[in-house]
Amino acid sequence: MFHGLLMLIPDGLYMLEIDRLLRPSGYWVMSRPPISWKSPYKGPNKTIENLDGQQLAMEDTANKLCWEKVSDKGTVSVWRKPINHLHCAQEAEFLRSPPLCTEDDPDSAWYVNISMCRTRLPRVELVGDIAGGPVEKWPQRLAAVPPRIANREIKGMSIQAYKHDFSIWKRRVELYGTYLKDLSHRSYRNVMDMNAGFGSFAAAMLKYPVWVMNVVPANITDNTLGIIYERGLIGTYMDWCEAFSTYPRTYDLIHANGVFSLYIDKCGILDILVEMDRILRPGGAAIIRDAADVVLKVKEAADRLQWRSRVVDTEDEGPDPQKLLIVDNSLPLPGS
């Protein structure tokens, strides 16, 4: 998923988790002691002996993971993850590397314990092949077909479906701009997509000066978070019947596509709206897209929170009728 990670805590278990997160050929940057502990450093309870031991243990773990050290300067060291596991198949037994994980789904990470094993990379035929496939450079990779779809790693997700999804969200975001004028006025910066799918909403928002946190509900069948990262976007898992791990008043704009239909039998509409209200800044906005009957129920709950909202039509792209609830809390309440 990640091309680079910066960590301050050297530990074998954490390094195995970093190895799981890093894309093949990704970089890990270790800063501050125990790296180059002989460099001037003043820290509590740090002795030459324990710093030396920590650095040796970290170097040993990196070797067992077949990471290549590409830089070592001052208090910063940089390692690179191998592009596949063919490079270290022979050395793994000699180095007593942790065994390869045997679970079926290495992408599963919601309420999952860290395992003392190396995450298995996709198989390759040649030593020079990148496991899982290469990605384009930014920003071309945003529109390119992600390797997980091109390689048909995820059932039911075809190249045609991906391209169709991308084109649909371009049109939808165009419509959103007509309802929320502040999109083009640089009033929004922090945006969240509560049910991100392929990440096409975030891709279509590229023309605006915003960044988007893409959230994949943890309790759905289609796990698309890996696709989102392969597009060069950022994201996380979430169960929207729980509280999102963030500060209050974090987001300027929240997008919820099908979220309330997804959770309508799991937790209350008002429960989700209250959590949205907590992380939405004063004067912030929301776009809620769902089935028409669900949107009307959300509208009733939004009125209880005194949100400034209105129900509007969608683009009428499919057979199932949908509606939009446009929330713009920067506007005065009717009659106020």
Side-chain angles (χ1 to χ4, degrees), residues 1-3 135-146 148-149 157 161-217 222 224-238 240 244 246-247 249-260 262 276 279-281 283-290 295 307 309-310 312-315 317-318 322-331:
M1 286 187 180
F2 293 95
H3 281 291
V135 294
E136 300 286 344
K137 293 183 179 181
W138 180 264
Q140 289 78 16
R141 64 186 294 192
L142 190 64
V145 177
R148 291 174 191 241
I149 292 181
M157 295 187 186
Y162 166 79
K163 291 182 177 180
H164 180 64
D165 182 77
F166 193 16
S167 63
I168 283 177
W169 281 106
K170 284 183 178 179
R171 294 198 298 273
R172 289 177 174 177
V173 168
E174 288 288 342
L175 179 65
Y176 293 168
T178 65
Y179 288 129
L180 291 176
K181 301 300 183 182
D182 282 351
L183 263 178
S184 57
H185 296 163
R186 298 180 176 268
S187 297
Y188 306 133
R189 176 58 178 166
N190 301 336
V191 179
M192 173 188 283
D193 191 358
M194 296 175 67
N195 186 13
F198 293 145
S200 295
F201 166 77
M205 291 285 284
L206 184 65
K207 64 179 182 177
Y208 296 115
V210 302
W211 75 274
V212 181
M213 170 59 74
N214 295 278
V215 181
V216 174
D222 296 332
T224 56
L225 188 59
I227 293 171
I228 288 168
Y229 273 98
E230 286 183 342
R231 297 185 75 172
L233 302 168
I234 192 169
T236 187
Y237 294 118
M238 183 59 196
W240 284 113
F244 190 77
T246 190
Y247 296 104
R249 306 179 303 281
T250 304
Y251 290 93
D252 305 313
L253 172 63
I254 297 178
H255 180 247
N257 174 42
V259 171
F260 292 91
L262 183 63
M276 292 171 65
I279 64 178
L280 195 63
R281 70 165 174 81
I287 303 171
I288 297 169
R289 172 187 289 268
D290 221 309
V295 167
W307 281 10
S309 65
R310 56 193 172 116
V312 299
D313 292 328
T314 62
E315 309 79 5
E317 296 171 353
Q322 286 189 321
K323 291 289 185 180
L324 294 175
L325 184 66
I326 303 296
V327 180
D328 188 350
N329 290 320
S330 66
L331 301 175

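Each residue takes its place number in the sequence, starting with 1.
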Answer whether the closest heavy-atom distance between the side chains of V295 and F260 falls below 4.5 Å.
no
Can you list the residues that meet the side-chain hydrogen bond (donor to acceptor under 3.5 Å, both in side chains) rule with K207, with sequence neighbours excluded?
E174
Could you tell me which non-hydrogen atom of F198 sits nearest to which non-hydrogen atom of A161, and how far apart they are?
CE1-O, 4.1 Å
Please enumerate all residues that pass side chain to side chain contact (heavy atoms under 4.5 Å, CB included) together with K181, with sequence neighbours excluded.
H185
Give me the atom names and distance for the closest heavy-atom approach of R281 to D252.
NE-OD1, 2.6 Å
Checking side-chain contact (heavy atoms from CB on, under 4.5 Å) for the pair V173/M205: CA distance, chi angles, key distance, verdict?
CA-CA 7 Å; V173 168; M205 291 285 284; 3.9 Å; yes
Just wondering, do R172 and F201 contact through their side chains at under 4.5 Å, heavy atoms?
no
Would I287 and L180 satisfy side-chain contact (heavy atoms from CB on, under 4.5 Å), going step by step from the backbone distance to the final call?
CA-CA 9 Å; I287 303 171; L180 291 176; 3.7 Å; yes
With the side chain counted from C-beta on, respond yes when L253 and V210 share a heavy-atom pair under 4.5 Å apart, and no when they do not.
no
Check step by step if side-chain contact (heavy atoms from CB on, under 4.5 Å) holds for V145 and K163.
CA-CA 8 Å; V145 177; K163 291 182 177 180; 3.9 Å; yes
A side-chain contact here means heavy atoms from C-beta on lying under 4.5 Å apart; do I234 and V212 qualify?
no
Shortest non-hydrogen separation from I254 to Y251 and the atoms involved:
CG1-CB, 4.1 Å
Closest non-hydrogen contact found for A202 with L233 is CB-CD1, 4.0 Å
For S330, side chain to side chain contact (heavy atoms under 4.5 Å, CB included) partners two or more places apart
D182, D328
Cation-pi geometry met for R141 and W138 (6.0 Å, 45°)
no
Minimum heavy-atom distance between A144 and E136, given as atom pair plus value:
CB-CG, 3.7 Å
The criterion is side chain to side chain contact (heavy atoms under 4.5 Å, CB included); which residues satisfy it with L175, sequence neighbours excluded?
T178, Y179, E315, L324
Under 3.5 Å, is there a donor-acceptor pair between the S200 and R231 side chains?
yes
Please assess Y176 against Y208 for the test side-chain contact (heavy atoms from CB on, under 4.5 Å), listing each intermediate value before the final yes or no.
CA-CA 12 Å; Y176 293 168; Y208 296 115; over 6 Å; no
For S309, what residues pass the side chain to side chain contact (heavy atoms under 4.5 Å, CB included) criterion, not counting sequence neighbours?
K299, A302, D303, L325, V327
Approximate separation, where rounding is to 0.5 Å, of T236 OG1 and L225 CG:
7.0 Å
In a table with atom names and distances, give each donor-acceptor pair under 3.5 Å that connects a side chain of residues 187-195 to protein atoms at least two apart or in another chain.
unit_1 : atom_1 : unit_2 : atom_2 : d
R189   : NH1    : P209   : O      : 3.3
N190   : OD1    : W211   : NE1    : 2.7
N190   : ND2    : T250   : O      : 3.1
D193   : OD1    : H255   : ND1    : 3.0
N195   : ND2    : N257   : O      : 2.9

Under 3.5 Å, is there a donor on one side chain and an acceptor on the other for Y162 and R148?
no
Taking the side chain as every heavy atom from C-beta outward, state whether W240 and V215 have any atom pair closer than 4.5 Å.
yes
K323/D313 ion pair, N-O < 4.0 Å:
yes
Heavy-atom side-chain contact between V312 and R310 under 4.5 Å:
yes
